Protein chains: 2
Amino acid sequence: MVTIQDVAKEAGVSAATVSRVLNNNHSVSIKTREKVKKVIKDLNYQPNLLGRNLRRMETRMVLVFLYNISNPFYSKIVEGMETIAHKNGYNVLMCNTNAKIETEQIYLNFIKNKLVDGIIFTSPAMRHKALSELAKDYPIVLCNEYERNTQAPVVTIDNEEAGYDAVNHLIRLGHKKIALIGSCQVRSGYERELGYRKALKEVGIEINESYIIRDVGSYKGGIIGVKKLLALKEKPTALFCISDLIAIGAIKQLKKNKLRVPEDIAVIGFDNNRIANMYDPSLTTIAQPRYDIGKKAMELMIKRIKGNLTSNPIIKLQHELIIRDSTLPIMQ
Amino acid sequence: MVTIQDVAKEAGVSAATVSRVLNNNHSVSIKTREKVKKVIKDLNYQPNLLGRNLRRMETRMVLVFLYNISNPFYSKIVEGMETIAHKNGYNVLMCNTNAKIETEQIYLNFIKNKLVDGIIFTSPAMRHKALSELAKDYPIVLCNEYERNTQAPVVTIDNEEAGYDAVNHLIRLGHKKIALIGSCQVRSGYERELGYRKALKEVGIEINESYIIRDVGSYKGGIIGVKKLLALKEKPTALFCISDLIAIGAIKQLKKNKLRVPEDIAVIGFDNNRIANMYDPSLTTIAQPRYDIGKKAMELMIKRIKGNLTSNPIIKLQHELIIRDSTLPIMQ
DNA sequence: ATATTATATGTAATGGATTACATTTCACCA
DNA sequence: TGGTGAAATGTAATCCATTACATATAATAT
């Protein structure tokens with residue numbers, strides 16, 4: 001392996017000078033600089049960053065914890081993070097946590113052992129107390145999911161407001177019997193349910209608790225939810241699903257029961273998952289500003305790493321209602 | 001920050017002994033070991049792996065290049081990789097390359113700069129010559145996509161055989177006018193087309209070149225492909241799409257033209273993407289043994305890192321035809 | 001021409017952990 | 001009890017690059 005010493009010897013200078021060339025230190029004469037650069041090229045020298053990182057006690061790497069990379073929701077978020085990171089000389093790495101605390105612990109060692117400079121959580125499994133402790137000692141940023149009491153910077157949307165907007169859309173279409181399929185286990189789900197309740201209450205629709213199917217998630221959850229709802233005497237005419245995957249499961253099950261969407265039942269999803277537009281019918285949904293969420297999260301992270309962030313702000317970015325076929329108004 | 005020296009001083013031993021305790025070296029007396037462990041705990045000492053890695057000149061990290069994390073196809077593959085990696089004391093990190101050579105170059109520095117021990121490519125943008133050069137100097141494994149001439153270990157499936165099986169399934173259902181939507185820009189696509197040709201030729205169906213829509217990909221490609229096919233005088237009765245996303249785009253466009261799947265046109269996809277089962281109709285497709293592909297790739301990687309792999313094997317694992325609604329035989 | 005300052009480069013310490021080698025300790029045996 | 005070998009521990013070099021500080025050289029001012 002070629003080291004900085006080899007380059008120095010070959011170029012007839014000291015390692016310090018080579019280092020200065022590598023780091024674009026201005027106090028190297030043009031002649032020397034060119035000479036060193038040539039040797040670097042000739043020897044195909046690649047600096048060993050383990051040495052640099054040890055010396056500087058930083059790695060310029062940020063690790064992103066993902067529940068699972070298969071969740072396409074996060075791809076745009078990560079892109080946003082990468083944009084800001086690269087602009088600041090940082091790199092972004094990702095890992096799967098599978099929402100398991102044990103897996104999180106494994107990868108948490110990356111920051112404890114100085115292998116990365118910071119960690120961004122997208123859907124933490126560990127609880128807010130542990131997270132807050134962690135955030136005291138290390139640069140931590142939460143992206144999307146968080147618990148109210150967590151002492152760490154957060155970037156997210158106003159989920160209650162978004163849930164409100166979704167349900168309001170259904171109300172404006174004339175629906176009165178509106179069901180919800182979701183989970184209040186994560187805060188985002190809980191807040192979306194709050195928005196659902198707020199919207200109904202506001203127009204004087206009494207909340208029918210049997211219309212609220214909780215603690216089911218993802219595609220299968222949508223199927224289960226619809227089965228439960230169709231077993232009711234008074235069936236809903238509209239469905240607010242707190243994720244697009246739930247919505248897709250729900251629609252599939254509705255179709256199985258020969259119910260048409262949106263003619264018989266309108267369905268609205270959440271996230272504007274890539275599949276939302278591809279599905280048949282295409283899904284009305286709430287889009288999150290994913291790219292900007294990622295950018296903002298990385299901005300906070302880099303500030304935090306550099307010690308320029310002392311408070312723990314909770315930043316909420318603007319969501320958007322996207323109307324597609326699954327809630328089209330029906331010609332009577 | 002607490003260092004190994006601090007622990008040593010506090011425990012009244014040398015740093016070497018602390019290091020031995022950390023690494024479970026047997027030549028430490030039980031008494032000393034317990035004493036050191038207690039101090040480690042009391043001081044909440046976290047070893048700085050930058051030091052260890054520099055000394056050992058290894059990081060026990062493997063980086064996986066993903067075209068984009070939003071491609072759900074790779075999640076199971078990564079899971080397989082993680083299983084084997086963790087079993088061997090390695091960790092898996094991922095990054096987005098967006099199939100851009102420039103981005104690949106950025107992350108390639110990770111291995112050149114000794115920040116990771118190996119890189120697994122899932123869909124390399126760089127060409128086989130550069131890859132082969134790289135593989136000479138560094139542990140590189142290719143997973144799924146590869147070019148014939150690449151001098152590096154490869155784990156994949158027999159794409160020609162899989163394409164053959166897919167088309168054969170359509171033939172057995174009685175179809176004669178079978179179209180293909182795909183891309184021969186990646187080798188897997190090219191090979192699947194070979195399988196398509198082989199299957200048709202075998203039963204004496206002449207190949208209609210206008211039934212082959214090339215160089216379109218993903219969801220939009222499916223839409224474009226169907227538009228082209230429906231413009232033909234003699235429309236096909238079956239469609240082999242070389243990915244599930246293409247198939248979904250195709251079906252969406254077919255429906256738009258009031259064509260029913262599978263009644264009017266049968267459609268088969270490829271990959272057994274998660275959405276394949278969720279879509280309406282659910283997709284007949286070719287499933288790749290993704291978990292096993294990931295496991296195998298990581299096995300090769302670790303062998304290669306340890307210097308126990310000198311050849312460049314091309315390992316092909318077994319695929320499987322999964323029959324669902326999109327090709328159900330039609331009752332006449 | 002000398003003093004002063006700026007520029008360029010080198011020397012050596014540093015970061016934290018590991019490990020080859022050296023030394024000490026201790027148990028056991030003759 | 002002295003000798004032997006094994007076990008336990010310590011010393012110091014090492015991994016590679018960076019950087020504070022020292023020194024040498026060149027440029028400028030007086």
Side-chain angles (χ1 to χ4, degrees), chain A residues 1-40 43-61 89 109-117 138, chain B residues 1-40 43-61 89 109-117 138:
Chain A
M1 202 183 64
V2 185
T3 71
I4 201 170
Q5 303 293 344
D6 301 326
V7 175
K9 196 181 289 176
E10 182 71 17
V13 297
S14 72
T17 298
V18 179
S19 175
R20 289 188 188 103
V21 172
L22 287 175
N23 293 287
N24 286 315
N25 188 313
H26 57 285
S27 76
V28 179
S29 70
I30 295 178
K31 211 175 121 196
T32 309
R33 166 168 277 117
E34 291 310 317
K35 186 171 59 180
V36 171
K37 276 190 176 169
K38 184 171 182 319
V39 174
I40 287 176
L43 299 185
N44 189 26
Y45 165 69
Q46 307 280 358
N48 183 328
L49 289 202
L50 293 175
R52 173 185 298 175
N53 291 347
L54 173 60
R55 182 60 228 249
R56 293 199 177 147
M57 211 51 84
E58 66 163 15
T59 60
R60 296 194 152 251
M61 293 211 249
N109 286 327
F110 275 65
I111 197 168
K112 293 182 179 171
N113 296 329
K114 300 273 185 293
L115 295 177
V116 299
D117 293 347
Y138 306 104
Chain B
M1 202 181 63
V2 185
T3 71
I4 201 171
Q5 303 293 344
D6 301 326
V7 175
K9 195 180 289 177
E10 182 72 17
V13 298
S14 72
T17 298
V18 178
S19 175
R20 290 187 187 103
V21 172
L22 287 174
N23 294 286
N24 285 315
N25 187 314
H26 58 286
S27 76
V28 179
S29 70
I30 295 178
K31 211 176 120 198
T32 308
R33 164 168 278 117
E34 291 310 317
K35 188 172 55 181
V36 170
K37 277 190 174 169
K38 186 171 181 317
V39 174
I40 286 176
L43 298 186
N44 189 26
Y45 164 68
Q46 306 278 359
N48 183 328
L49 289 202
L50 292 175
R52 173 185 296 173
N53 291 346
L54 173 60
R55 180 61 227 242
R56 293 202 177 141
M57 211 50 81
E58 64 162 18
T59 60
R60 295 194 154 254
M61 294 211 249
N109 286 327
F110 274 65
I111 196 168
K112 293 182 177 171
N113 296 329
K114 300 274 184 296
L115 294 177
V116 300
D117 293 347
Y138 306 103

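From a predicted model like this one, the values you see are computed outputs, not experimental measurements. Order of the sequence lines sets the chain letters (A, B, ...), proteins ahead of strands, with each chain counted from 1.
The two residues A/R52 and A/N23 have their closest heavy-atom pair at NH2-OD1, 3.9 Å. A/A11 and A/V36 make their closest contact through CB-CG2, 4.3 Å (heavy atoms, listed as atom of the first residue, atom of the second, distance). The shortest non-hydrogen separation linking A/A8 to A/A15 is CB-N, 3.5 Å. Across every non-hydrogen atom of B/I4 and B/S19, the tightest pair is CD1-N, 3.7 Å. Scanning both residues, B/I111 and B/D117, for their nearest heavy atoms gives CD1-O, 4.0 Å.
In this structure, A/N25 contributes its side chain and A/S27 its backbone to a donor-acceptor pair below 3.5 Å. Formation of a donor-acceptor pair under 3.5 Å by the B/N48 side chain with backbone atoms of B/L50 is found in this model.
For the contact set between residues 52-60 of chain A and DNA chain D, defined by any heavy atom under 4.0 Å, the members are A/R52, A/R55, A/R56. Applying a 4.0 Å cut-off to non-hydrogen atoms, the residues of residues 1-14 of chain A that approach DNA chain D are A/M1, A/T3, A/I4, listed by residue number.
Nucleotide C/dA8 holds its P atom 8 Å from the CD1 atom of A/I30, rounded to whole Å. Separating the CZ atom of A/R33 from the P atom of C/dA8 is a distance of 9 Å, rounded to the nearest angstrom. If you take CG of B/L49 and C1' of C/dG16, they are 10 Å apart, rounded to a whole angstrom. Taking atom CG of residue B/L50 and atom C1' of nucleotide C/dA17, one finds them 11 Å apart after rounding to whole Å.
Side-chain contact between B/M61 and A/L115 is present, with heavy atoms from C-beta onward closer than 4.5 Å. Side chains of A/T59 and A/F110 form no contact here, defined as non-hydrogen atoms less than 4.5 Å apart. Using a 4.5 Å heavy-atom threshold, the side chains of A/R20 and A/T17 count as touching. Residues B/V2 and B/N44 have side chains not in contact (no heavy-atom distance under 4.5 Å, counting atoms from C-beta outward).
Within 4.0 Å of A/S19, counting heavy atoms only, lies at least one base atom of the nucleic acid. At the heavy-atom level, B/T17 lies under 4.0 Å from the strands shown only through sugar-phosphate atoms.
First and last contacts of DNA chain D with chain B, using any nucleotide atom under 4.0 Å from a protein heavy atom and ordered 5' to 3', fall at D/dA8 to D/dC16.
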